[in-house]
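Report on the following structure.
When a residue number appears, it is its place in the shown sequence, counting from 1. These figures come from a predicted structure and were not determined experimentally.
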Amino acid sequence: MAVNCPTDDGKEDRTIHFLSSFEQEWFSKHLRAADETPLYSATASSTAKRVVRFTWLRSFSPPVTVRLTERKDGGWHLVAKQLSGRGGYDPGTVDKVVDRALSATEAANLEGLMSRAALPDLSGDCEIGVDGAQWIIERSDAKGYHFINRWSPSDGPVRKVGLFLLNLTGWRLKPVY
């Protein structure tokens, strides 16, 4: 899939693919290092009702994944991992892990944020850049698999959801870009 983005001179559009082959390999390399599995079929398991994963690949800082799984009984579980490498380079190995259930308040706040953010309705993004961070949000549920890839969002729903999920880890992650 692709989106047509206007050029700076406004005379013609350029096509930006949602996920290039370079990005596929880059993102996959970091997910494999974090021992994260593909989410496109995650809700086919007998215990998962919905899965949301945030992958944060900062050029010069350790990669982070935050995966939230809603069980069939309605409870939510968080698994977050920080790798030892750098998001724009070698991923390294798993350096930190948080593995815990969400409290009822955290789960309610997540539900509210996800419904307000309407993440599956977001379209492609024309922003591209070099050094910065990829903010990737995946969601798998009864409606299918959704993938959002943004470069260093300064505001908006992807940033809000990403920051919320990072906050659930309890880690003080700096810099945020």
With a 4.5 Å cut-off on side-chain heavy-atom distances among I, L, V, M, F, W and Y, is there a chain of contacts connecting [X] to [Y]?
{"X": "Val51", "Y": "Val79", "answer": "no"}
{"X": "Val64", "Y": "Phe60", "answer": "no"}
{"X": "Phe27", "Y": "Val94", "answer": "no"}

Counting distance only, does the side-chain N/O of [X] pair as donor-acceptor with the main-chain N or O of [Y] below 3.5 Å?
{"X": "Thr55", "Y": "Ile136", "result": "no"}
{"X": "Arg32", "Y": "Glu36", "result": "no"}
{"X": "Trp26", "Y": "Gly87", "result": "yes"}
{"X": "Thr169", "Y": "Ala80", "result": "no"}
{"X": "Ser152", "Y": "Tyr177", "result": "no"}

side-chain contact (heavy atoms from CB on, under 4.5 Å), that's the test. Do Lys96 and Trp171 meet it? Break it down for me. CA-CA 10 Å; Lys96 291 185 194 177; Trp171 297 330; 3.6 Å; yes

Write down the atom of [X], the atom of [Y], and the distance for their closest heavy-atom approach.
{"X": "Leu113", "Y": "Val161", "result": "CD2-CA, 3.8 Å"}
{"X": "Ala34", "Y": "Leu83", "result": "CA-CD2, 3.8 Å"}
{"X": "Leu57", "Y": "Pro63", "result": "CD2-CB, 3.7 Å"}
{"X": "Pro175", "Y": "Ser61", "result": "CD-OG, 3.9 Å"}
{"X": "Lys81", "Y": "Asp35", "result": "NZ-O, 3.5 Å"}
{"X": "Arg86", "Y": "His30", "result": "O-NE2, 3.5 Å"}

Decide side-chain contact (heavy atoms from CB on, under 4.5 Å) for Glu138 and Ile148; before the verdict, give the C-alpha distance in whole Å, the side-chain angles of both, and the deciding distance to 0.1 Å. CA-CA 6 Å; Glu138 299 170 90; Ile148 302 163; over 6 Å; no

Answer yes or no: is there a side-chain heavy-atom contact under 4.5 Å between [X] and [Y]?
{"X": "Val158", "Y": "Pro153", "result": "yes"}
{"X": "Val66", "Y": "Leu168", "result": "no"}
{"X": "Arg50", "Y": "Lys72", "result": "no"}
{"X": "Asn149", "Y": "Glu23", "result": "yes"}
{"X": "Val52", "Y": "Leu165", "result": "yes"}
{"X": "Glu106", "Y": "Leu78", "result": "no"}

Give, for atom [atom1] of [X] and atom [atom2] of [Y], the distance between the pair rounded to the nearest 0.5 Å.
{"X": "Lys160", "Y": "Met114", "atom1": "NZ", "atom2": "CE", "value": "14.0 Å"}
{"X": "Trp56", "Y": "Gln134", "atom1": "CH2", "atom2": "CD", "value": "13.0 Å"}
{"X": "Arg67", "Y": "His77", "atom1": "CZ", "atom2": "NE2", "value": "8.0 Å"}

Can you label the angle between the Phe54 ring and the Trp135 ring as parallel, tilted or perpendicular, going by 30° and 60°?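 It falls in the tilted class, 30° to 60°.
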
Salt bridge check: are Arg71 and Asp73 linked by an N-O gap of less than 4.0 Å? yes

Evaluation steps, side-chain contact (heavy atoms from CB on, under 4.5 Å), between Ile137 and Arg53: CA-CA 6 Å; Ile137 297 176; Arg53 179 170 56 206; over 6 Å; no

Evaluate the criterion side-chain contact (heavy atoms from CB on, under 4.5 Å) for residue pair Lys49 and Thr69; output intermediate values, then yes/no. CA-CA 7 Å; Lys49 181 177 177 183; Thr69 303; over 6 Å; no

